[in-house]
Every structure is written in structure tokens, then in C-alpha cells.
Number of protein chains: 4
Amino acid sequence: MNITLSQAESVIAAAKKRAAEISTKMDICVVDAGANIVAFARMDGAWIGSVDIAIKKARTAAWFTMGTHELSPLVQPGQPLYHIEHSNGGLITFPGGIVLKHGDEVIGAVGVSGSTVDNDQLVAEAGAEAIR
Amino acid sequence: MNITLSQAESVIAAAKKRAAEISTKMDICVVDAGANIVAFARMDGAWIGSVDIAIKKARTAAWFTMGTHELSPLVQPGQPLYHIEHSNGGLITFPGGIVLKHGDEVIGAVGVSGSTVDNDQLVAEAGAEAIR
Amino acid sequence: MNITLSQAESVIAAAKKRAAEISTKMDICVVDAGANIVAFARMDGAWIGSVDIAIKKARTAAWFTMGTHELSPLVQPGQPLYHIEHSNGGLITFPGGIVLKHGDEVIGAVGVSGSTVDNDQLVAEAGAEAIR
Amino acid sequence: MNITLSQAESVIAAAKKRAAEISTKMDICVVDAGANIVAFARMDGAWIGSVDIAIKKARTAAWFTMGTHELSPLVQPGQPLYHIEHSNGGLITFPGGIVLKHGDEVIGAVGVSGSTVDNDQLVAEAGAEAIR
């Protein structure tokens, strides 16, 4: 089962709302369970460089069915997945990408970039909340 | 001057509406004047392979400030721009990407992919019309 | 608002002058606010490998509207943006890339590579000074 | 022997002058005999998409020590070099890239993009003339 465009739009609307509440400008990407882009929004003034990061956070989360923050400790020097970022045309393994679920099933992922990783994560969670 | 997210969302809404009217499922991308993604929507059931084509059509139109259909005759074998598609990480030079203007100024572009190129072009034009 | 070619040429001239004063040979790149190359100069004898680094430093600064030296501490192992370099086709996150401003607005960025990062930074700053 | 930065700047100045005379806005790239960028200029308002094309024209001419217009007939369907553009990270094989010589020796190449290929070629030739 895959996320619908309508659900993806709800995720983006909720993420945009949360981003505005904390005075940030975000790039927000929603992908389906196959890591293919479903919807995207760049808020006015958000970093151009965050377009690709938001996309890669969402895809990374979808590819491994886990939040990018769960990967962060595993990719450090000496850790098991050190340099996994070289796969799949580039991963992003810091917070801001989380899976979207229907019940227990992963139906997609959202990636957020444009502020601190804490804020990125907060906004991603607000997006995910919209379809929970 | 660059397109705003609000304008980009209007373009996508109008393109989606037109796509539904002609019973097609489209990937729709809006980029700014610098060819950076502002908004994207993949309609339910639209080709996954068209995600990248919609993005590349929009970027191609923004990069050269002309519709991708204007490039089509020029890129044929024996014609002046044969194989220009190898530039910029990949261009798409068939119809479906058109510039978005504010008066005479190009403020972005929309790219549509998911059906025949005639339908793609029709839907792109409907999108552009929304902010004219 | 975007940097003009004339401004970019002033940045490069000033950077070249500073580089010569400290007996270094630099690659110098100026990009616009959208991270697209406006002007470039490789001083005679400067490292060929620094062509791409100068370009990537300038683009990184423009993409995130901050100096590459501001990113350096954040991308270390265990830090929030660890391995952000895998985005956008490759970032450079050590010193030598800084934004160019008109008042408060970022209008472009300059990237310098060819010596120690301290020297690179010095030369980039001399370049930026030229249009301040 | 390789082109110097000073020579490359003369090439670009002459190309800019010719481009202005024929009312065009060009992206102009000079590479050395090793196909590495030496100097670049994007005239105000020139296509962003032509940045990469100017670079690739110059590199293509340097890689094969011949003008890109000499490759054009050879890359057509059924011809010996059909699809050579897939090599070297992307070639451009239509007019606008020409070698720069010192006597009989190739010391670099210039690539021009931003108008019709005829104009591109004209401006490239004016650039090359500057150091002949």
C-alpha cells in the first residue's frame, strides 16, 4: 500500500504549518513506499541546497523503513554502517526524515530540511502526525 | 523575481484539474527561475518514471527560458542542437515544459509528464494559465 | 537580486591580487544567488584539483547562504550535519567559500581553493570585500 | 604548453566584445590543453543552462583537439561516432567549441553557448582570434 497524493498533501500542509509556527522556512518532500517523490514544497526563502537534502532524507527513510535519526549513530566512524551514504546515489543520515505508516505498514516517508536538525525533525513529525 | 510557493501551488492545482478533466494521471513539477524545485505533485497512479521527466522538463524550460516544445525541432538528427540533452545532468526536449511569466519576466517553469506529449503540453498550459 | 558579471569580475580581480600578495596560486569561482557559475579564474600553476573545489565551495555557500567555514564544525563525526556533503552532487564544507551580499541580501558567493584553508579563506574575504 | 590565465582572459574579453556587437548574451569558457577550466564568464542575462554547455563545448574541443563543429557530422545516426556524447561525463558535439593554438600546438579551447549555434561559433572564433 502506498501513500496517496491527497495524504501527501496533508503531510506537507501540516509540516508547513508547524514550520511557520517555529519561524522556519523548510523544504518538505514526501515519497511513497518505493522512495519515489509524491509531493514537494519549498517554502518562500528556504535554502535551495535543502531541496536535495529533503528529497534524500525522505528517500533514505523509505529505502530502509526507518527514520534517518535512527541511522545517525550507525554511520559514525567505527560503526557498522560507516559511509553508507555512498549508496543509492547519496543518502542523508541525520535527523529530518521519517517513515509514514498506515497501521504497521510503511506507506511512504517525509523529509524536511531548512533549519537545525532538531527543527527539521520537529517539522517532519508534525507532517507525519497529519495522517496517523 | 522568482515564483512563490503559493503561485506554484496554484499552477499545480490548475494542472491537476485539467489532467483529471482529460482522464490522465500526471507528474507535475514547478521550478523557480533558477531551475530549483519549488513544488511537485504526482497524481495517484501516475508513472513513476515520469517523476524525473516532469522535473527535467521544468528545469529545461527554466534553464533556456523557452518551452521544451520549442527545442524539439532543433535537437533532431542533423539539426543545430542535436544531443544537447547530454548537458546539465540531462535535459528533456519534447513538449510538456513551459516557462511561467510575470509580465515579460520568466519567474519559473512547469513540467508535466504522464500521458501523450500533447496531453502533457495541454496540462502544462493549464497550469501556466493559473498565474497569468 | 543577483550579482552582475562586472561585480563578479571585481571579486575575482581582488582575490587574485590578494592571492599574489601572499604568494599563492588560487582557483577562484563566483556564483550567483542560485549557485550558478558567473565567473571563474585559475591562476597559472594553481592545482587542477582545486577547480572543482572552488566551484563547490562557492555553490555550497550560495545554497545555504552561509560561509563554508560555518558548516565545518557541524559536519564532523557525531555532529548534526555529518556527511551533508553527499547532497547536491557534492558539497565542500571547509573554509574558503563565503556569501556575497548587497546590504542584507545574498546576491552570490565566492569560492577559493589552492592553498591552506586559512589562505583560501583570506583570499575569499579579499574578493568579497571588493563589492561590499 | 598550456594557455595562461592572462591569455584566457584575452579570449574571454574578445568573445564578450563580439557577443555584444551581435546583441547576444553568452556563457564563455576557456579550458587548458588538459580540458581543465581556466576562465569562465556568464554575461548578464545569459541562459543558466548554457553554463554547462559552454564548459562541455570547450572540454570536448580540448579532449579531441578539434572543433565541436568537426564532430557534428560524425555523431549523426549511422555515422562512425554516433552517441559519443555518452563518454567523459557528457560531450557537446554541435558548433561553438574550438581549439586554441600556439603555432601548431593546441594549448587549450574555448566554448561558447547562449544563442544560435552560428552565433556561438562566431563568438568562439572571435575569442580564439585574440591570441592567434
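Proteins get letters first, then strands, A, B, ... in listed order; numbering begins at 1 in each. Quick note: numbers below take in every heavy atom, side chains included, and nothing from hydrogens, waters or symmetry partners.
- Contact of B/Val38 with chain A is made through backbone and side chain together, with heavy-atom distances under 4.5 Å.
- Legend: salt bridge (Lys or Arg N to Asp or Glu O under 4.0 Å) pairs involving residues 116-132 of chain B, not counting sequence neighbours, sorted by first then second residue: B/Lys57-B/Asp120, B/Glu129-B/Arg132.
- Contact count versus chain A (heavy atoms, under 4.5 Å) is highest, among B/Asn2, B/Ile55, B/Asn36, B/Ile3, for B/Asn36.
- Residue-level contacts of residues 4-33 of chain B with chain A, in order of numbering, are B/Thr4, B/Leu5, B/Glu9, B/Lys16, B/Asp32; threshold 4.5 Å between heavy atoms.
- Sorted by first then second residue, the ring pair (Phe, Tyr, Trp, His ring centres under 6.0 Å) pairs that include residues 1-33 of chain A, not counting sequence neighbours, number zero.
- B/Ile37 touches chain A through backbone and side chain together, each having a heavy atom under 4.5 Å away.
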Extract all donor-acceptor atom pairs below 3.5 Å that involve side chains of residues 74-83 of chain A and protein atoms in other chains or at least two apart in sequence.
{"from": "A/Gln76", "atom 1": "OE1", "to": "C/Gly78", "atom 2": "N", "distance (Å)": "2.5"}
{"from": "A/Gln76", "atom 1": "NE2", "to": "A/Ser72", "atom 2": "O", "distance (Å)": "2.9"}
{"from": "A/His83", "atom 1": "NE2", "to": "C/His83", "atom 2": "NE2", "distance (Å)": "3.4"}

